[in-house]
Amino acid sequence: MTNIIQLIQNQVTKGVKALYQTEFSAADVPINTTRKEFEGDYTVVVFPFTKAARKGPEAIAAELGEYLVREVPEIDRFNVVKGFLNLVIQDTYWKDFLLDISQDGHYGQQPPNGQKVMVEFSSPNTNKPLHLGHIRNILLGWSTAQILEAVGYEVVKVQVINDRGIAICKSMLAWQKYGNGATPASTVTKPDHFVGFYYVQFEQHFKQEYHDWQQSAEGQDVYTKLRKAEETTDDFFKRYKNTYFNEYSQLGQEARSLLLAWEAGDEQAVALWKTMNGWVYSGFETTYHELGVTFDQLYYESETYLLGKEIVEQGLAKGVFYTCEDGSIEADLTEAKLDKKKILRSDGTSLYVTQDLGTAHQRYKDFGVDKMVYVVADEQNYHFQVLFELLKRLEEPYADGLYHLSYGMIDLPTGKMKSREGTVVDADDLIAEVVQEVTYNSEERDTLSEVSEDEKAEIIHQVALAALKFFIMKVHPQKRMIFDPKESVDLQGQTGPYIQNAYVRIQSVLRKWDGTATSQASAYQQLAAEEKELILQLFAFPEVIQEAAKNYDPSNVAQFVYNLAKNYHRFYHEHSILSADTEAARDFRLALSQAVAHALKLGMQLLGIEMPNRM
RNA sequence: GGCUCUGUAGCUCAACUGGAUAGAGUACCUGACUACGGAUCAGGAGGUUGGAGGUUCGAACCCUCCCAGAGUCACCA
């Protein structure tokens with residue numbers, strides 16, 4: 001079946017040439033869906049032709065309209081409002097289209113395109129449990145992966161686990177000092193929370209130690225020497241905290257020597273590290289399972305943090321990097337407005353970029369991917385600009401396929417989330433809260449009395465996660481979003497459950513239908529406005545997915561499924577399906593409902609949201 | 001201070017990438033079928049798109065300058 005939009009654009013090009021002797025490329029013909037207040041399906045904007053035609057827009061629109069109705073059988077009629085040519089497509093075109101796709105179990109998806117893309121997301125530190133920020137990251141990454149798969153890519157989902165460094169050593173040290181041999185099992189604590197508890201323990205003891213030091217002679221001495229003129233005492237000690245940790249703190253000293261011991265392969269340190277990380281992984285696994293996400297490959301920082309030195313050699317050979325007087329190595333990116341960037345310390349040890357250069361190269365060797373997408377918060381925009389610029393200069397084969405899916409951080413109605421101030425929303429708590437809310441709600445509604453307890457629990461989980469996920473996914477990634485826990489459990493209006501409800505209604509109708517074998521749908525005569533609206537939306541579905549893939553923007557799909565559900569609810573309210581006036585109408589509406597259900601289910605799947613059959 | 005991003009109804013978000021009278025949800029008010037699921041539907045009210053200029057047939061969107069907020073500018077990650 002020919003794509004009606006392209007057909008119109010092509011014919012407009014021909015028409016413009018025939019009428020005004022001007023070339024105008026089909027792709028540049030501006031075409032939109034017609035606004036509701038006017039009659040029509042698609043609207044061609046004719047202003048761009050006024051110069052060549054040397055006529056007023058109304059005249060051009062009228063002439064083009066006549067030309068199109070004459071030349072294109074699918075176009076039934078037209079009307080002109082100012083410079084806008086509104087076209088009405090034949091109902092039969094839409095009916096044929098609908099019957100076509102209602103047989104197609106893959107409508108919306110594209111065949112494999114032979115390209116491979118890697119999507120990196122989540123990438124947690126192993127010293128504390130996952131929080132709301134991770135949830136946005138995980139959902140965006142997962143959804144992007146699904147969307148890329150739907151448009152034909154082979155997708156490799158990976159996460160980097162930041163399992164080494166000073167942070168985990170803090171948890172380790174605190175456990176050694178204050179743990180008394182406790183384990184997640186002995187305390188009946190979710191294991192990642194257990195480890196996180198000791199991280200907090202460390203911070204609290206450190207805070208106390210720092211506080212005491214501030215009162216000491218040494219502390220006072222430093223304060224009087226280094227305080228800036230206009231600085232308050234609080235500001236000074238806030239600023240100085242890092243230096244204190246590195247130069248004076250006993251706890252800092254101990255944590256660092258634990259890190260050194262680990263780096264030197266000290267048996268005890270490594271054993272403890274393995275144990276505690278093991279706890280964290282099993283905790284993460286539970287959360288990932290709740291969220292319904294999986295990975296194809298894990299990269300552990302402990303195994304990759306030394307990578308990148310080879311690439312530094314190559315960079316030096318290629319003249320992309322140079323050695324400074326003190327022996328450190330850097331790259332000059334001032335031309336790209338990115339300033340100079342250190343690649344290697346003067347003692348020869350590597351930095352964050354060095355690691356990332358190395359792992360990018362490694363991944364290419366492992367998977368031979370054409371593209372790599374990094375889902376990382378926007379605080380790292382600069383880092384990725386630098387990384388990509390460097391990889392480009394190093395002439396890595398995948399350098400043109402790199403994309404940083406940068407997303408805004410989440411704020412709470414009360415302000416920013418800060419782990420130091422304990423205002424972070426924990427992922428597990430949040431999920432539990434939404435599930436609780438849906439459970440109450442479901443009991444009130446009492447619609448699930450017929451299903452088994454297991455099934456009921458599963459449905460409640462699906463509805464709860466739909467609420468949470470959709471709430472996050474409907475917002476454009478780039479935008480900082482405000483997360484109001486109260487609104488995130490809403491089940492009405494522009495929400496995940498609202499969309500699920502449209503799907504559930506369809507399933508309910510289909511269950512009640514006795515299933516006549518022969519369909520009279522093609523005999524259906526005139527499309528109602530609500531029906532046509534739905535068909536036009538279904539028609540746009542594949543393009544919506546492709547746009548979402550092109551722009552790495554799942555919110556696009558979220559807006560689409562919401563609108564589709566909304567229009568279905570309206571249609572459902574206005575028209576009877578099973579007791580329609582004619583068999584033709586009934587069968588047509590059944591086919592329409594099935595097609596809508598398919599699109600809703602696929603669209604939500606692309607967002608990582610499951611659809612229940614009842615709720 | 002330099003660079004980047006954001007600013008749209010009281011609140012949370014859209015706007016097909018320059019198209020018609022800027023749309024949804026929420027909160028508030030008013031209604032709806034003895035009906036296939038009321039987690040629904042319809043209506044009302046709510047806007048100088050942060051401000052000022054400019055570009056053009058047309059600007060929330062592009063340009064310039066301001067205002068406000070955020071991020072970032074390490075031999076940290």
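Values below: all heavy atoms of this structure, side chains included; hydrogens, waters and symmetry mates excluded. Protein chains get the first letters and strands the later ones, always in sequence-line order, with residue 1 at the start of each.
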*So does A:N86 reach the base of B:A20 with its side chain, donor to acceptor, closer than 3.5 Å?*
yes
_Which nucleotide in B:C13, B:U40, B:A14 has an atom nearest any side-chain atom of A:K479_ = B:A14
*asked:* Measuring from the side chain of A:K512 (C-beta onward, heavy atoms only), which nucleotide among B:G37, B:U17, B:U21 has the closest atom?
replied: B:G37
*How far does the P atom of B:G50 sit from the matching atom of B:A59, given to the nearest Å?*
15 Å
_Need the glycosidic conformation of B:U17: syn if within 90° of 0, anti if not. Which one?_
syn
*Proximity to the side chain of A:Q478 - top-ranked nucleotide from B:C5, B:A14, B:C41*: B:C5
*Sort out the partner of B:G31 for me: Watson-Crick or G-U wobble, both distances under 3.5 Å, none otherwise.*
B:C41
*Is any N or O donor-acceptor pair between the side chain of A:T43 and the base of B:A20 shorter than 3.5 Å?*
yes
_Sugar-phosphate only, base, or nothing, as touched by A:V544 at under 4.0 Å among non-hydrogen atoms_ = nothing
*Can you figure out which of B:A77, B:C13, B:G19 approaches the side chain of A:I482 most closely?*
B:C13
*Between A:F245 (CZ) and B:C76 (P), how many Å, whole number?*
14 Å
*Is any N or O donor-acceptor pair between the side chain of A:N551 and the base of B:U17 shorter than 3.5 Å?*
yes
*Any donor-acceptor pair under 3.5 Å from A:S579 side chain to A:S576 backbone*: no
*Within this structure, what is the CD1-to-P distance between A:I31 and B:U17, rounded to whole angstrom?*
11 Å
*With rounding to whole Å, what would you report as the distance between B:G44 and B:C67 at their C1' atoms?*
36 Å
*For atom CZ of A:F470 and atom P of B:C13, their distance in whole Å*: 13 Å
*asked:* Please report the distance, rounded to the nearest Å, between CG in A:D587 and P in B:C36.
replied: 19 Å
*Which part of the nucleic acid, if any, lies within reach of A:R480 when heavy atoms closer than 4.0 Å are counted: base, sugar-phosphate only, or nothing?*
sugar-phosphate
*Nearest-angstrom distance, P atom, B:C66 to B:A22*: 31 Å
*If you check the A:V475 side chain, which of B:A14, B:G25, B:G71 turns out closest?*
B:A14
*Would you indicate what A:T33 reaches in the nucleic acid, counting non-hydrogen atoms under 4.0 angstrom: base, sugar-phosphate, or nothing?*
base
*Measure the distance from NZ on A:K341 to C1' on B:A77 and round it to the nearest whole Å.*
10 Å
*What is the distance from atom CD of A:E263 to atom CG of A:L306, rounded to the nearest 0.5 Å?*
8.0 Å
_I'd like the C1' distance from B:G2 over to B:U17, given in whole Å._
29 Å
*For B:A60 versus B:A14, give the span between their C1' atoms, rounded off to a whole number of Å.*
12 Å
*Closest to the A:H573 side chain, choosing from B:A20, B:A32, B:A24*: B:A32
_Separation between the C1' atoms of B:U64 and B:U55, rounded to whole Å_ = 11 Å
*Looking at B:U17, B:A39, B:A14, which one has an atom nearest to any side-chain atom of A:E547?*
B:U17
*Are the ring of A:F47 and the base ring of B:C57 both nearer than 5.5 Å at their centres and tilted by less than 30°?*
yes
*Rounding to a whole Å, what distance do you find between A:M409:CE and B:U4:C1'?*
15 Å
*Rounded distance in Å between the P positions of B:U30 and B:U72*: 49 Å
*asked:* Heavy-atom nearest nucleotide on RNA chain B for A:M615 versus A:E301: which residue maps closer to 5'?
replied: A:M615
*What is the distance from CG of A:L333 to P of B:U4, rounded to the nearest Å?*
16 Å
*Could you tell me whether A:M481 contacts a base, only the sugar-phosphate backbone, or nothing, with contacts defined as non-hydrogen atoms closer than 4.0 Å?*
sugar-phosphate
*Between B:U40 and B:G47, how far is it from one C1' atom to the other, in whole Å?*
29 Å
_Quick check, does A:F84 stack with B:G19? I mean ring centres under 5.5 Å and planes off by under 30°._
no
_Could you tell me how far apart A:K36 (NZ) and B:A20 (P) are, to the nearest whole angstrom?_
14 Å
_Starting the side chain at C-beta, find the nucleotide from B:A24, B:G19, B:A20 nearest to A:P48._
B:G19
*Searching all strands shown, indicate the nucleotide that pairs with B:G46 (Watson-Crick or G-U wobble; both distances under 3.5 Å).*
none
